[in-house]
Protein chains: 2
Amino acid sequence: MNNAHQIQTSVDPVIFTVFDMKLHILLVKRNIEPYKDCWALPGGLVDEKLDQDLHSAALRKLKEKTNVTTHYLEQVETLGSASRDPRGWSVTVVYFALVTVPEENLSAAHGASEVRWEEVGKNGVAVPLAFDHEKLVKAAVERLRAKVSYTTVAAGLLAEPFTFLDLQNIHEIILNRKVEKKSLMRRYESSELLTEVNETRKEGRMRPAKLYRLKDRETVHYFVRTMEGPR
Amino acid sequence: MNNAHQIQTSVDPVIFTVFDMKLHILLVKRNIEPYKDCWALPGGLVDEKLDQDLHSAALRKLKEKTNVTTHYLEQVETLGSASRDPRGWSVTVVYFALVTVPEENLSAAHGASEVRWEEVGKNGVAVPLAFDHEKLVKAAVERLRAKVSYTTVAAGLLAEPFTFLDLQNIHEIILNRKVEKKSLMRRYESSELLTEVNETRKEGRMRPAKLYRLKDRETVHYFVRTMEGPR
DNA sequence: CATTTAAGAGTCAATGTGACACTATATTAA
DNA sequence: TTAATATAGTGTCACATTGACTCTTAAATG
């Protein structure tokens with residue numbers, strides 16, 4: 001029972017952002033074997049010295065690859081088996097993080113020769129990923145979609161201030177379907193999470209939209225019911 | 001990065017059952033340090049040789065402590081930190097399992113000097129637990145309650161055949177509140193998960209209740225809406 | 001000042017819910 | 001044979017929330 005075991009423990013954050021009206025995740029190109037030159041999640045081994053706990057290990061990985069800060073980091077699931085890494089038994093804890101649209105860009109440091117935002121389509125990303133990372137991404141996307149359909153987490157992705165249309169777009173992009181304007185508005189009204197600011201217009205000669213900020217970027221409101229989708 | 005690290009990896013199943021109209025979980029008394037003679041979850045280290053993956057590691061732990069089989073095993077969350085075990089960095093993957101009411105009883109083998117079913121009250125169990133196991137139990141109970149309020153998992157706890165009242169009781173015991181008969185009936189009807197069998201009566205001189213079986217013990221039906229509780 | 005066009009408020013049928021009243025039925029006692 | 005009993009199971013309804021749709025509002029432009 002007291003065998004000094006050799007199970008590798010890592011964290012794999014799936015970092016989401018939205019730009020160009022598409023959902024994206026952050027990938028890094030591996031520069032060591034196994035799966036050298038293959039795209040992978042920006043994860044890595046938990047460091048006994050550096051990391052107090054799993055959550056901060058995930059935050060550290062996040063910081064190493066991007067300059068942006070997260071308003072949301074949630075554990076998704078943990079996969080562990082003898083076969084998922086050719087080097088032997090390994091366990092990885094999958095997280096998903098939401099970051100606002102990146103302006104200054106990525107730091108291709110820390111063992112990653114390349115870093116990039118990859119579009120998430122209907123069936124995950126278009127490139128093959130190392131290890132079982134496609135499965136991890138799938139799980140994270142499912143969780144994100146579920147969460148967005150019954151909470152206000154998606155609002156955290158927006159740069160402030162934002163219009164209601166921005167909010168609606170974020171939901172539609174992540175859920176990959178139309179969302180009823182009025183329905184979403186009602187939900188955010190009852191969440192009491194938005195504060196109005198001033199005004200602006202988006203395109204030429206139309207009525208300007210109100211601008212909002214979040215009262216508290218840390219708070220996530222749960223809708224009384226999940227968004228049901230089209231009838 | 002390639003430091004041979006020493007993170008201990010374990011699984012901790014929270015095994016639920018219902019008898020005497022109360023929710024219970026299985027605990028074992030530790031017979032080694034640390035926390036010797038303290039009650040704990042029936043978990044243990046993942047064994048690289050024995051276990052193919054985390055799920056089967058949890059099943060193995062379950063089998064070592066009870067003779068019953070599970071119809072439901074679900075991963076809850078993973079906790080890992082430098083401080084949760086005095087011996088150093090450790091990670092544990094928490095599962096929750098549902099088993100039918102135990103008849104032949106527990107095997108107090110495998111490093112546990114004592115095994116027992118402990119009642120789960122409003123605030124978890126009444127005895128202090130080793131490590132952070134109270135937190136793990138709390139997380140598992142929350143997840144169980146959530147799941148029971150929007151799925152048919154609870155039905156898996158019943159020995160077949162069962163009456164509708166049995167089903168209602170199971171829900172009420174786990175959720176720790178009254179559940180509307182008609183509301184629950186509607187949900188199970190639309191789940192199309194029950195098959196009628198014959199008849200029986202429970203107490204003396206009243207109308208006998210129909211007996212049911214589950215069409216498929218593996219299938220879990222998701223209700224269209226969460227049970228909302230009293231108005 | 002009329003026109004344009006999206007913002008955003010109003011309205012409504014459909015759905016599912018909790019609550020509670022009501023009916024059905026096997027057993028037992030008269 | 002029949003009435004009483006007590007739980008099993010069904011009927012009904014007000015209420016809340018939803019998706020869908022329509023209507024009003026308002027700044028900017030020409």
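Sequence lines set the chain letters: A, B, ... in the order given, protein chains first and strands last, and positions in each chain run from 1. Only heavy atoms go into these numbers, but all of them, side chains included; no hydrogens, no water, no symmetry mates.
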Mapping B/R231 and B/M185 onto DNA chain D by nearest heavy atom, which one lands closer to the 5' end? B/M185

Just compare [options] and give me whichever is closest to any side-chain atom of [X].
X      : options                : answer
B/R207 : C/dA19, C/dT17, D/dA8  : D/dA8
B/K182 : C/dA19, C/dA26, C/dA14 : C/dA19
B/A209 : D/dG19, C/dG18, D/dG9  : D/dG9
A/L165 : D/dG19, D/dT17, C/dA7  : C/dA7
A/R186 : C/dG18, D/dA8, D/dA20  : D/dA20

Round to the nearest Å and state the distance from [X] atom [atom1] to [N] atom [atom2].
X      : N      : atom1 : atom2 : value
A/K181 : D/dT24 : NZ    : C1'   : 11 Å
B/M227 : C/dA19 : CE    : C1'   : 16 Å
B/D166 : D/dA8  : CG    : C1'   : 13 Å
A/L194 : C/dG8  : CG    : P     : 11 Å
A/F164 : D/dA26 : CZ    : P     : 18 Å
A/F162 : C/dG8  : CZ    : P     : 12 Å
B/K210 : D/dT7  : NZ    : P     : 19 Å
A/E180 : C/dA14 : CD    : C1'   : 14 Å

Take B/R143 and B/E77, measure what salt bridge (Lys or Arg N to Asp or Glu O under 4.0 Å) needs, and give me the verdict at the end. CA-CA 10 Å; B/R143 178 72 136 269; B/E77 68 170 340; over 6 Å; no

Phosphate contact (D/dG19 OP1 or OP2) by A/R225 side-chain N/O below 4.0 Å: no

Distance check: side-chain N/O of A/R187 vs OP1/OP2 of D/dT17, anything under 4.0 Å? no

Ring-plane angle category for A/H171 and A/Y188, please: parallel below 30°, perpendicular beyond 60°, tilted otherwise. perpendicular

For the residue pair B/F19 and B/H24, categorise the inter-ring angle as parallel (less than 30°), tilted (30 to 60°) or perpendicular (more than 60°). parallel

So what does A/Q168 touch, heavy atoms closer than 4.0 Å: a base, only the sugar-phosphate, or nothing? nothing

Using a heavy-atom cut-off of under 4.0 Å over every strand shown, decide if A/E228 touches base, sugar-phosphate, or nothing. sugar-phosphate

Answer yes or no: does atom CD of B/E119 have more than 12 heavy-atom neighbours from other residues, nucleotides or ligands under 6.0 Å? yes

Check whether more than 12 heavy atoms from other residues, nucleotides or ligands sit under 6.0 Å from atom NZ of A/K178, and answer yes or no. no

Please compare A/Y212 and B/R177 by the position of their nearest nucleotide in DNA chain C and report the one closer to 5'. A/Y212

